[in-house]
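Scroll down for the structure; my scribbles are underneath it.
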Number of protein chains: 2
Amino acid sequence: MRIGELSERTSTSRRLLRYYEEQGLLVASRCANGYRYYDESLVDRVAQIRGLLDAGLPTRIIRQILPCLNKPRVIHFPDATPEMIELLETERDRMTERVNFLTRNRDAISEYLDAVRAGASAEAS
Amino acid sequence: MRIGELSERTSTSRRLLRYYEEQGLLVASRCANGYRYYDESLVDRVAQIRGLLDAGLPTRIIRQILPCLNKPRVIHFPDATPEMIELLETERDRMTERVNFLTRNRDAISEYLDAVRAGASAEAS
DNA sequence: GTCGACCTTCACATCGGTTCGCGGGTTCCA
DNA sequence: TGGAACCCGCGAACCGATGTGAAGGTCGAC
């Protein structure tokens with residue numbers, strides 16, 4: 001597909017798709033006329049990129065970890081340098097921290113909502 | 001404590017502490033001479049703020065949900081307007097999405113690391 | 001009393017992700 | 001042949017979080 005369709009299907013502006021490409025997060029082949037051409041699988045990849053960005057990871061990091069997150073995972077780990085592994089471990093730990101933190105706070109919100117609802121129903125009775 | 005101590009104990013620049021206050025995330029009382037004075041409990045609060053920021057939440061949202069996240073939780077839910085409840089529910093759901101997303105990706109990284117390690121040990125044998 | 005360490009406010013800079021919008025080329029259809 | 005709808009690259013602005021630094025007030029110690 002071309003950039004317009006990808007843009008619609010991912011709810012992401014064309015400009016931003018080009019930006020992600022510029023940042024090395026997204027690869028597009030080119031038609032004879034210079035138009036970008038995107039593979040079907042890139043819809044998911046864009047969602048992944050946006051999810052990671054939304055979670056607070058910078059493109060710099062996303063660029064590094066993205067290649068390790070694809071389905072045919074067994075294929076290409078010959079490029080696993082020690083620095084790369086360390087980066088991945090660090091980032092994995094940071095993500096775990098984020099998960100724990102978010103979970104705790106979300107649960108606190110849930111509790112609060114429960115308390116409010118309990119209070120409201122008690123008041124109604 | 002004054003801002004310097006809070007800054008050190010939270011590894012947060014003074015500038016940022018003032019910024020959080022300006023954004024309504026942090027309250028400081030003032031000494032006679034105009035210096036900010038912080039309660040002990042604010043050390044934890046700063047950590048909480050930074051954790052939420054790190055997880056990708058903007059100060060605007062943090063300001064809204066923070067009051068519902070404190071220990072004496074039962075005390076003050078008289079100010080629970082329907083809009084507030086809706087905001088909290090929305091934000092709780094967004095956080096759940098983030099958690100799921102981060103967990104999936106972190107697990108993918110872990111799997112990759114496992115695969116690399118397995119490959120490395122197989123190669124070594 | 002003055003020096004140093006702390007605090008105040010404030011304006012400005014930086015950085016990364018995002019949006020806007022230009023000037024121009026390509027495709028297709030009337 | 002022209003116009004609509006798409007594409008290109010690109011610069012500029014924006015916004016939110018953060019850094020930097022100036023100009024000045026307060027305090028304790030020497």
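Note on naming: letters A, B, ... go to the chains in the order of the sequence lines (proteins, then strands), and numbering restarts at 1 for each one.
Residues R104(B) and D107(B) are not paired through a salt bridge, judged by the lack of any N-O separation under 4.0 Å between the basic side chain and the carboxylate. Salt bridge status for E97(B) with R50(A): absent, with no side-chain N to carboxylate O gap under 4.0 Å. Salt bridge status for E22(A) with R36(A): absent, with no side-chain N to carboxylate O gap under 4.0 Å.
OP1 and OP2 of dT8(C) both lie 4.0 Å or more from every side-chain N or O belonging to N33(B). For the OP1/OP2 pair of dT18(D) and a distance below 4.0 Å, the side-chain nitrogens and oxygens of Y20(B) include at least one atom meeting the criterion. Regarding contacts with the backbone of dT18(D), every side-chain N or O of S13(B) stays at 4.0 angstrom or more from both OP1 and OP2. Checking the phosphate oxygens (OP1, OP2) of dG9(D), a side-chain nitrogen or oxygen of R30(A) falls inside 4.0 Å. Checking the phosphate oxygens (OP1, OP2) of dG16(C), no side-chain nitrogen or oxygen of T59(A) falls inside 4.0 Å. Checking the phosphate oxygens (OP1, OP2) of dG9(D), a side-chain nitrogen or oxygen of R36(A) falls inside 4.0 Å. Not one side-chain nitrogen or oxygen of R60(B) sits closer than 4.0 Å to the OP1 or OP2 atom of dG16(D). Checking the phosphate oxygens (OP1, OP2) of dG17(C), a side-chain nitrogen or oxygen of Y19(A) falls inside 4.0 Å.
Sequence order on DNA chain D of the closest nucleotides to A32(B) and R50(B) puts R50(B) first from the 5' end.
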Can you list the steps and then say if R45(A) with D39(A) is a salt bridge (Lys or Arg N to Asp or Glu O under 4.0 Å)?
CA-CA 10 Å; R45(A) 165 160 291 224; D39(A) 187 82; over 6 Å; no
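Residue P58(A) places its side chain closer to dG17(C) than to any other of dC6(C), dG17(C), dA17(D). Distance from the side chain of R14(A) is smallest for dC7(D) among the nucleotides dC7(D), dG19(D), dT18(C). The side chain of R18(B) sits closest to dT9(C) out of dG19(D), dC7(D), dT9(C).
One can place CD of E5(B) at 12 Å from P of dC6(C), the figure rounded to the nearest angstrom. A straight line from CG of L17(A) to C1' of dT18(C) spans 12 Å, rounded to a whole angstrom. Rounded to a whole Å, the CD1 atom of I3(A) is 19 Å from the P atom of dG25(C). Distance CG (L57(B)) to P (dA17(D)): 10 Å, rounded to an integer number of Å. Atom OH in Y35(A) sits roughly 11 Å away from atom P in dG9(D) (whole-Å rounding). The distance from atom OH of Y37(A) to atom P of dC6(D) is 16 Å, rounded to the nearest whole Å. Distance CG (L53(B)) to P (dG16(C)): 18 Å, rounded to an integer number of Å. One atom, CZ of R2(B), and another, P of dT26(D), lie 14 Å apart when rounded to the nearest Å.
Of the possible donor and acceptor atoms, one in the side chain of R98(B) sits under 3.5 Å from a partner among the backbone N and O of A55(B).
There is a side-chain donor-acceptor pair under 3.5 Å between T96(A) and R106(B).
Remark: the R15(A) side chain and the dG9(D) base include no donor-acceptor N/O pair separated by less than 3.5 Å.
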